[in-house]
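What you see is a predicted model, and the numbers here were worked out from it, not measured in a lab. Keep in mind that the numbers below use all heavy atoms, side chains included, and drop hydrogens, waters and symmetry copies. Below, read A as the first sequence line, B as the second, and so on, with proteins coming before strands; counting in each chain starts at 1.
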Amino acid sequence: MKYSYFPGCTLHTQTKNFNDSIKITSSLLDIELEELKDWQCCGAVYPLTADSTMGLVSPYRSLQKAYEEGTDLVTVCSACYNVLKRTNFAVSNDAQIRKKLSEYMDVDEYAGESKVLHLLEAMRENKGFEKIKEKTINPLKDLRVAPYYGCLLLRPSEELKFDNPENPTIFEEFINSMGAIAVDFPNRIECCGAYVSITSKRKVKGATESILKSAAKRNADIIITSCPLCYHNLAKEQEQLVQSDYLFKPIPILYFTQLLALAFGIEVGSCGFESNRIDARPILKSKNLISGGDAL
Amino acid sequence: MDKLLRSNVSRLLKKLSEHAEIYAPTMEDGVCVLSKLVNNYDDWTLDYVRTTNSVKDIFFPQNEEIMRYKNANNDLNIEPPKPFKERVAFGVRPCDAAAMLLLDNVFLEGEFYDSYYKERREKGALITIACEKPDQYCFCTSFHSSPGATEGSDIVLYPADDYFLVVAVTDKGKKLIKANAEIFENATEKSGIVENYKSMKTPIGNNCSPGELNEKLKNEFDNPYWKKIARRCLGCGNCTFVCPTCHCFAVCDVARGCDGKRTRTWDSCKFQDFFLMAGDHNPRPTQVERTRQRFMHKLNYFKEKYDKYQCVGCGRCVEKCPVGVHIADVITHMKEEL
Amino acid sequence: MSVEFKPNIICFACNWCSYTGADMAGTSRMKYPATIRIIRVPCSGRVNPTFVMKAYQKGADGVLIAGCHPGDCHYNSGNYFAKRRFLLATRFMTFLGIDEKRLRMEWISAAEGVKFARVMREFSETISKLGPNLRAREEA
Amino acid sequence: MMNMTEKMLEQIRDLFEKKNIKLFIGFEKGFEKFSRIPAFAENYDEAKSMIIDEFETPLLAKYLIRELGEVGAGAVEKSERVGILTRGCDYLSIRRLVVDNIILRENLVIIGIPCNGLIDPKKANKLLGEEAQEITVDEKIVLAKGEIKSREINKEEILLDRCKKCIMSKVEESDILLEENMDDMEVSKDYSAVEEIEKLTTEERYEFWRRQFDRCIRCFACRDACTACNCRKCIFDITEPEMLEKTVATSEQFMFHFIRAFHVAGRCTACGECEKVCPVDIPLGLLNGKFKKDIELLFDVDEAGIPAEIEPLGEFKLDDPVEW
Amino acid sequence: MKKIGVFVCWCGLNISSTVDVEKASEELKNYPGVFYADDYKYLCSDPGQELIKKTIVDNKLEGIVVAACSPNMHESTFRAAAEAAGLNPYRVEITNIREQASWVHSNKEDATAKAIQLIKSTVEKVKKSEDLFPQQIPLTKKVLVIGGGISGMTVALEVAEAGYPVILVEKEPQIGGNMAKLSETFPTLDCASCILTPKTAEVGRHSNITLMTNSEVIESTGYFGNFTVKVKRKPTFVDWKKCIGCMLCQEKCPKKTNSDFEHGMGKRKAISVAFPQAIPYRPIISEKECIYFKTGKCKICVKVCPVDCIEFEQEEKIIEENIGAIVVASGYDLLPKEELGEYGQGKYADVIDGMQFERIASASGPTEGVIKRPSDGKIPKSIVFIQCAGSRDNQKGRPYCSKICCMYTAKHAMLYKHQVHDGEATIFYMDIRAGGKGYEEFVQRAIEDDHVLYLRGRVARVYEEDGRLVVLGVDTLSGEQVRIEADLVVLATAVIPSIGAKALGQTLKVGTDTYGFFNEAHPKLKPVESMTKGVFLAGCAQAPRDIPETVSQATGAAAKVITMFSKNHLVSDPQVAKVNEKICVGCLLCKPICPYKAIEPEIVEVRVGCRAEKRQVATINKGLCQGCGACSVACRSGAMNLSGFSNEQILEELKSLCL
C-alpha cells in the first residue's frame with residue numbers, strides 16, 4: 001500500500017535515528033512511504049484564534065500536494081497528525097474556509113478528499129499487527145513496555161477518530177504483537193507539556209514527572225511513544241529528575257519503530273539506540289534481547 | 001382557370017398567414033393531423049389519404065369558450081369571448097368540405113343559428129385538394145360526391161405532376177385568388193384533369209350508397225341487427241369524434257374560485273351518461289339503443305329534416321372503429337336485408 | 001425574475017406526526033417562508049397521487065408530503081403504502097416531464113419541529129430557484 | 001389452421017346441445033379483408049360464421065363485463081355459463097376480471113387455442129404500400145399480394161405489437177384445449193422504448209408528451225378497450241368531485257392520462273389494446289410500460305403483467321427501497 | 001350555498017402581532033358563501049364561545065370556520081360549542097393561523113395574505129362538509145399493565161380496587177422491579193422492602209389481578225377499547241401451581257452463578273428465587289446455567305423436591321387476551337459502567353454503580369447490609385461518589401438530567417457514614433437537584449450531621465494504584481486539582497429506559513424519543529397518555545423520576561383507565577370511511593390496504609334505474625375503522641371516501657390554496 005510520507009521537521013534533524021527505523025520497519029510491513037515532494041512545517045499547533053483560517057494555510061498546502069499525488073498522507077508525529085487531520089476536517093466541512101484558502105493559494109478547491117493517517121493507523125489498516133507477529137524473529141519476551149499516547153493523538157475525538165479517547169488499545173495491540181508485556185499505567189493519555197515545556201518549564205514540570213513516576217511505579221522497563229515532541233519532553237525531564245530525586249531510576253524512552261526494528265532482528269547499529277538521550281541498551285542486554293558484543 | 005406550382009404553395013401560405021391562421025396537414029409521429037402552422041410554412045405534407053381530425057375542428061372546435069364571468073363582491077359581469085381570427089384550411093379533402101355543408105344545415109339554417117359557428121364559418125376559407133389515391137375505406141362516391149368534388153370548398157386544387165390546377169368555386173375563393181394573383185399563373189390547356197378526378201372510383205364504389213334507405217329504416221326500429229352490432233360496440237366515443245358530420249356537444253361551467261368560464265365541448269351519443277337525465281333516468285340505458293340512435297340519426301332523421309344523409313363517406317369511422325361497428329357495414333347490411 | 005417570484009407550495013402534513021411537528025416549529029417560533037400552505041390529512045397514506053397532479057395543474061409550484069417515520073405511523077402501515085405509491089408516482093411524473101425536484105416526501109415526527117422548519121426552508125429555497133411550474137398547469 | 005376452426009365449431013355444437021352455455025364469444029370476418037371482429041352466438045347456427053386464423057383480433061374479455069358482470073349478477077352467483085375463445089393474452093385479461101371480482105370463474109367455459117403471434121394487416125398494408133388483397137402465411141414467411149405489388153415479408157416485421165413482447169403464449173388453465181401449443185414464443189423483457197424516453201431531458205420529455213396529448217380527442221377508447229378498467233362508473237364520468245373537467249386543455253389531458261395510467265398501474269396485463277384502438281396513435285404502451293418496469297424493478301415482482309391475488313400497490317415490504 | 005360563519009381570533013398578540021386580523025375578517029365578509037365574519041380577542045374564552053353560539057342561533061348558520069390556534073388545541077372546544085348551539089360539530093373546521101402562520105412568519109403582509117388564503121380554503125372545505133354522528137362501539141373492560149415495578153403495581157392495584165380485571169405482565173420472574181433492589185429510600189430512609197412488600201403481597205393475592213411474570217408482550221392489534229394482545233409466557237421449568245415454596249431445591253442445587261438481581265454483587269443457584277420476599281415466591285431454573293440442560297446429568301432438585309414439580313420439558317406458551325386499555329410501566333435501567341471510559345470502563349471491581357451499592361447496603365443483599373469492597377470484602381475507609389456519570393453529557397448522547405441521582409447518592413453517603421463513622425465520604429457534583437418535599441433538608445443533613453464532603457467539580461479519571469483507587473478531579477470552588485485515594489468509587493450512572501422498551505414501543509405502535517423514553521401525548525397537559533389512544537404511560541418508562549412522582553403518575557394513569565371503563569361503550573370518531581354502493585364495483589382493491597381489517601365484501605340488493613340487482617360491494621365495519629383514509633386512495637372510482645377528510649373537501653381546499 002503506497003502512502004505519501006510527511007516526516008515533520010525533527011525527523012531529519014534531532015530525531016534522525018527514528019527516521020531510519022521508520023523506513024526499515026514500514027518497508028518490512030509492505031507500507032511504502034514515499035516522501036512528499038516539497039513539504040514544509042505542518043503548522044505545529046492547530047490555530048484556536050478567531051480568524052484561524054490563515055493558520056491553516058501551510059497544512060492545507062501539504063494536504064493539497066498529497067491529494068495531487070493521489071495517495072493518502074501518513075505522518076509519524078502526533079502534533080503533525082493532529083494539525084493535518086483537523087485541517088482536513090475543517091476544509092471538508094466548512095465551505096467558507098475552503099473557498100478562502102483555495103482563493104488565497106489560487107489552487108483549485110481541495111475539499112478534504114484524501115485521508116490523513118498516523119503510521120500506527122496505517123499499520124492497523126494494512127493488518128500490520130498480524131504481519132508483526134509473523135515477522136518478529138526476536139520476540140521481546142518479558143520486556144515490560146509502557147505505551148505513552150499523549151493527547152494530540154486522541155483528542156478531540158470527534159475530529160480525529162483515532163481510537164477510544166478515554167481507553168485506547170492500539171499501542172497495547174502493537175506491543176503484544178511483538179511479544180512484549182504492555183504495562184497499563186493510568187497517565188498514558190496525560191499531556192507531556194508539548195511546547196509549554198520550551199517556554200515555561202516550571203508549569204509543565206509536574207506533568208512529565210507524574211507520567212514518569214506512574215510508569216516507574218508499575219516498573220516499566222521501557223516507555224515507547226509515537227511522537228518526537230513527547231519523546232523530547234519525557235527524556236529531557238528525566239535528566240532533571242535524576243538530579244533532584246536520587247531514588248528515581250531512569251526509564252529509557254524509545255520511538256515505537258526502534259523497538260519494532262529490534263523485534264524484527266535488525267542489527268542494533270541501525271536501530272539508532274546510540275543517539276537516544278537515555279541509553280536503552282543496558283536494559284535490553286539484561287533481558288538478553290541484544291547480544292553482548294554490540295551493546296556498547 | 002389558374003395554375004399553382006407546387007413550389008409556390010409555401011409562399012402562398014406564408015402570404016395568407018399575414019392576416020389569417022393557416023391550418024395544413026402535418027405529419028406528427030406518423031399520424032397526419034390538420035394542425036395550425038405557426039411559423040414554418042413548409043411543414044405541410046401531401047402523402048396522406050385523409051387527416052385524422054377533420055376540418056370540423058376549425059369551425060366547430062372540440063373545446064370552445066362561450067363566455068367568461070367574474071364575480072367580484074356580489075356583482076356579476078360577463079365577458080363575451082375574444083373575436084375569432086380569419087382562418088384558412090389548406091389540404092382539406094372534398095368529403096370534409098362536403099361535410100361542412102351538412103354542419104351548415106344544422107348550425108345555420110332556420111330561425112336560430114349558432115353565432116360562434118357562423119362567425120368562424122364566415123372568417124374561414126377552405127382550399128381543398130382533390131384526392132389522387134382514395135384508399136379502401138373511402139366511399140364518397142356513394143354519397144353523390146367524388147374525389148374531385150367541389151361542394152363546400154372555396155378553392156379546389158387538382159394536383160397534376162408539378163402543379164395544381166386551381167378552380168375557384170365561391171366568390172370568397174375568387175377574391176382570395178385575386179388578392180394573391182402574383183402567386184398564381186393562368187393555365188392554358190384545359191385537359192380532362194378535372195373530369196377524371198370527378199369520375200374517379202373508390203374501391204368500395206357505390207355499394208354503400210343508401211338510396212331510399214331512410215324510408216325503409218322508418219320501421220326497422222327493433223330489428224335484431226341493432227342488438228347484434230351493438231353487442232360488439234365498446235361504447236367509446238371514437239367514431240363520433242373523428243366523424244366530420246357529428247355535431248353533438250355539451251355545455252359546462254368551469255369555475256375558478258369566484259370567476260369562471262362557460263365552455264362548449266364535443267359529446268358522444270355513445271357515452272354511458274350522454275342521455276342521463278335528472279332523477280337518474282336514462283332513456284337509452286344499454287348500448288343497443290345508443291348504437292341504433294347513432295345510425296338512425298345519420299340515415300333517417302337527418303334525411304327527413306334536411307333531405308340529405310348525414311354522411312359524406314370519408315371512411316374515418318370505418319378505419320378507426322376497433323370492432324367494425326360503422327356506417328358502411330350498416331348500410332351494406334341494411335340494403336341486403338331490406 | 002423581475003418581480004420577485006413567490007412560489008406557491010402545498011404541503012400535505014399527516015395529522016399525528018408532521019402536523020404536530022409543524023405546531024412544534026410554531027411554538028418554538030422557528031421561521032420559514034410564507035410560501036408554504038399546509039393541508040392536514042389524517043395520514044400520509046391518505047394523500048392520493050391525483051391530488052398532487054391536481055395541485056400542479058391548479059398552480060402549485062411544489063408539493064411536499066410529510067408523514068411519520070416508517071414504523072411510527074399511528075395507523076401502523078399508512079406511510080408504507082404512501083411510500084410505495086410515491087415511489088411510483090415521482091418516477092411517473094418525471095417520466096411525463098415534471099421536474100422531480102418539485103415533489104418531495106419527508107418523514108417528520110411530532111418532536112422534530114426543527115427538522116420541519118429546516119425542510120420547509122430548504123424546499124422553498126429549491127422551488128424559488130426552479131421558478132414557477134408551467135408544466136401541466138392550467139391556462140388562466 | 002382450417003381444421004382448428006372445425007374443431008372449435010364441433011366443440012361449440014356440443015356445448016350448446018348439452019345446454020352448458022347460453023352464449024359463445026368468438027371471432028368472425030369483418031368489413032375489410034383481413035379484419036376479425038368479435039362475434040356472439042346464442043345458438044349453434046349463429047356460430048357458423050366464426051373462424052380462427054392468424055390475423056389480429058380485439059380482446060374478448062372486456063365483453064364479459066357486460067355479458068356476465070352486470071346482467072346476470074355473474075360476479076356473485078353461479079348463472080348460465082358463457083363460452084369464450086381464449087389465447088394466452090385473452091387468458092390474462094380474463095384472470096384480471098376474475099381477480100377483480102367482476103366475474104366468477106365458474107360462469108366461464110374457456111376454450112384455449114394455441115398462438116404463436118398474430119399478424120397485423122395494417123402493418124402489411126403499410127409495407128406493401130397498398131391494401132393487400134391476399135396474405136398467406138407459412139411458418140416464418142408471409143406472402144402479401146396487393147393489386148400491383150406483392151412481397152415476401154418475414155413474420156416478425158408485421159407481428160402485432162403485443163405479440164412482440166408476449167407474456168403468456170399458452171393458456172394457463174382452460175376448460176377445453178383445442179390443441180397443445182407447439183413451441184413457446186421465446187420473448188425477453190424489452191423496455192427499450194421506455195428507456196428511450198427516460199434518456200431524454202425533462203424538457204424534452206414534457207414536449208414529447210405534450211405533443212402526444214394535444215392530439216388526444218378524449219374519446220375514451222383506451223379506457224373502454226381495457227379490461228383493467230372495469231369500474232361500474234368511471235371516475236371520469238363522475239361530476240362531483242370533478243377529477244377531470246370536460247374541457248380538452250393540455251393540463252386536463254395530462255390529468256386524464258396520469259389518472260388512467262395510475263389506476264391500471266400494477267394491474268395492466270400489457271395487452272396493448274389501448275394503443276391499438278387509439279384513433280390518434282398515442283404510444284400509451286409507454287405509460288403503462290413505465291409503471292410495469294418500475295414495479296418490477298422496485299418491488300422485485302418478476303412479471304407484473306400476470307395478475308396477482310393482491311396487486312403490488314395493495315401490499316408493502318418493510319425493506320421497500322427508500323429514495324428520500 | 002351554505003351560510004357559513006367565520007371567526008378570526010386575535011389570541012391576544014399571538015396572532016394579531018403578525019397577522020392583520022381585522023383585514024382578514026373584513027376580506028372574508030364578502031367571500032361567496034360566508035354569511036357572517038368577525039374577529040374576537042380570545043375566541044377560546046367563555047365570552048368567545050358565547051359569541052359563536054349566539055351567532056349560530058341568530059343567523060341559523062350551517063357551517064363555522066374558526067381561524068385561531070392549532071386544531072390539536074381547541075378543535076374539540078369549538079365543536080362542543082357548535083353542538084351546544086344545535087349545529088353538527090363536524091360542520092366546524094379550524095384554520096391554524098397561529099402555529100402555522102403568525103408564529104412562523106415575520107413579514108406581516110405575507111403572513112396576512114397567507115392567513116386569508118388559508119381561511120378561504122377552510123371555508124371551501126366547510127362547504128363540502130356533512131353531518132356526522134359518532135358511533136358507539138363495545139369496550140372490553142380489562143386493562144393490561146406492562147411492567148411489575150412500583151408504577152405497574154400501583155396502577156394494577158388502583159384499577160383492581162375499582163373492580164376491573166387487570167393483567168400484570170412482568171419480564172422478570174418476580175414483581176417489585178428496581179424498587180425491590182433498593183436498601184433504604186430517600187428522604188425518609190425507610191427501608192424499601194418494608195414499604196414495598198405489602199404492595200407486592202396485595203398484588204399477589206388480589207382477585208382481580210392476573211399475574212403473568214417471566215412473560216413479555218409480543219403482539220398487539222386492534223384499537224382503543226378493543227385491543228387483542230399476545231403475551232409470551234417464558235418457561236420457568238417449575239410447575240408453580242404444585243410448588244409449595246419450601247426452597248429445598250435452591251438449597252441443594254450445586255451450581256452457583258451470578259445473580260442478575262444482585263447486579264453482579266452476589267451469587268445465586270441455578271434454581272432459585274431472586275430475594276426472600278419475592279412475589280410469587282416460586283423458584284425458576286435458568287436454562288443457561290443448569291447442569292441438566294448442559295449435560296443431562298445432576299437432577300438433584302428433582303430428587304429433593306417433595307411435591308415433584310420440576311418440569312424440564314416445559315414449553316413457552318402464547319396467551320391471547322382481549323384488552324380495553326394498556327398501561328406501559330416498563331421502568332428504567334442504569335447506564336452500564338462499561339460505557340464510561342474515564343472511570344475505568346468497568347475494568348476495576350471497586351468502581352460500582354448506584355444499584356450495586358444499593359445491593360451491598362441492602363439487608364437482604366449479598367453482604368447482609370454491611371458495606372464492603374466487592375474486590376476483597378474489606379470495609380472501605382474512604383468512598384468517592386461521582387454524580388452525573390453519563391447524564392448531562394452531550395458527548396455521550398445523553399444531555400438530560402436523570403433527576404434521582406443527587407438524592408440517592410446523598411442517601412448512600414449517609415448510610416455509609418452511619419455504618420463507618422470515621423469513614424470519608426466525598427461526593428463530586430455539578431449541581432445538587434433536591435427539589436422534592438423534604439429533599440433539600442435531607443441533603444443538608446448529610447452535609448452537616450454526617451459530614452459528607454461535597455466537592456463541586458467533575459472527575460477526570462479514576463485508576464487503580466497499589467490496591468487503592470486514585471480519583472483525579474477538580475474542586476472548582478477552590479480552583480485546585482484534587483487527588484483522592486479511595487477504597488471504593490460509586491458512579492451515579494444515567495437512568496436509561498429499560499432494555500426492550502424500544503421494541504415494546506414498536507409492538508404497541510407507541511413512539512419513543514431519541515433516548516428511548518415513550519412519547520407522551522402532550523408534555524404538560526397529557527403526561528400519562530401516549531399518542532396512541534387507549535395506551536397510557538406511568539413511571540420511568542416516560543422519563544426519569546423518583547418514587548413519589550412515579551406513584552402519583554401511576555395513580556393518574558389508573559384514573560384515566562377507570563374513567564375510560566366507567567362508560568359502557570365508547571364513542572368513536574365518526575370521521576371514518578364510507579362506501580357509495582351505487583358506484584362500488586366490489587373489486588376490493590381497498591381490502592388489503594386496511595390496517596384494521598375493517599373492510600369486508602357483502603352481497604347487496606341495489607336498485608339501478610328500474611332494475612334491482614344483486615351485487616358484491618365493499619362494506620366498512622365502522623367500529624374497526626380508525627379513519628386513516630389509505631383505502632380511499634386505492635379505490636379507483638372514488639366509491640370509497642373518508643368522511644371528515646373526503647376527496648371533495650381536500651380537492652376544494654387544494655384548489656382554493658392554489659389560486
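- Legend: residues meeting disulfide bond (SG atoms under 2.5 Å apart) with C/C73, ordered by chain and number and at least two apart, are absent.
- Taking C/C68, C/G26, C/A25, C/G59 one by one and counting their heavy-atom pairs under 4.5 Å with chain E, the maximum is reached by C/G26.
- Proximity to chain E is absent for every atom of C/Y80, based on heavy atoms less than 4.5 angstrom apart.
- Of the two parts of C/D23, the backbone and the side chain both hold a non-hydrogen atom closer than 4.5 Å to a non-hydrogen atom of chain E.
- For C/A110, the part lying near chain E is the side chain, with the backbone staying farther off; criterion is any non-hydrogen pair under 4.5 Å.
- For residues 25-34 of chain C, no pair satisfies side chain to side chain donor-acceptor pair (under 3.5 Å), with sequence neighbours left out.
- Contact tally against chain E (heavy-atom pairs below 4.5 Å) for C/I36, C/D61, C/N48: the top residue is C/N48.
- Heavy atoms of E/P523 lying under 4.5 Å from chain C are absent altogether.
- For C/R40, the parts sitting under 4.5 Å from any heavy atom of chain E are the backbone and the side chain alike.
- Below 4.5 Å, heavy atoms of chain C meet heavy atoms from E/E99, E/Q100, E/W103, E/V104, E/H105, E/S106, all part of residues 99-106 of chain E.
- Around CD of E/E130, the count of heavy atoms belonging to other residues, nucleotides or ligands within 6.0 Å exceeds 12.
- For the pair C/R37 (side chain) and E/S121 (backbone), a donor-acceptor distance under 3.5 Å is absent.
- Using a 4.5 Å cut-off between heavy atoms, E/L657 touches chain C through backbone and side chain atoms alike.
- C/T50 does not touch chain E: none of its heavy atoms, backbone or side chain, sits under 4.5 Å away.
- For chain C, the nearby parts of E/N647 are the backbone and the side chain; heavy atoms of each come within less than 4.5 Å.
- When heavy atoms are compared at a cutoff of 4.5 Å, C/A111 does not approach chain E at all.
- Remark: C/E138 does not engage E/K655 in a salt bridge, criterion side-chain N to carboxylate O under 4.0 Å.
- Interface check for chain E: of the options C/S109, C/P33, C/A117, the most heavy-atom pairs under 4.5 Å are formed by C/P33.
- Residue with the most contacts toward chain E among C/G78, C/A34, C/C43: C/A34 (heavy-atom pairs, distance under 4.5 Å).
- Highest contact tally toward chain E, considering only C/T35, C/I38, C/V41, is held by C/I38 [criterion: heavy-atom pairs under 4.5 Å].
- Chain C is approached within less than 4.5 Å, heavy atom to heavy atom, by E/C628, E/G629, E/A630, E/S632, E/V633, E/A634 from residues 628-637 of chain E, ordered by number.
- Proximity to chain E involves both the backbone and the side chain of C/Y75, based on heavy atoms less than 4.5 angstrom apart.
- Only the side chain of E/L118 comes within less than 4.5 Å of a heavy atom of chain C; its backbone N, CA, C and O stay farther away.
- For E/Q117, the part lying near chain C is the side chain, with the backbone staying farther off; criterion is any non-hydrogen pair under 4.5 Å.
- Other residues, nucleotides and ligands contribute only 12 or fewer heavy atoms inside 6.0 Å of the NZ atom of E/K526.
- Looking at every heavy atom in both residues, C/F51 comes nearest to E/L654 through O-CD2, 3.3 Å.
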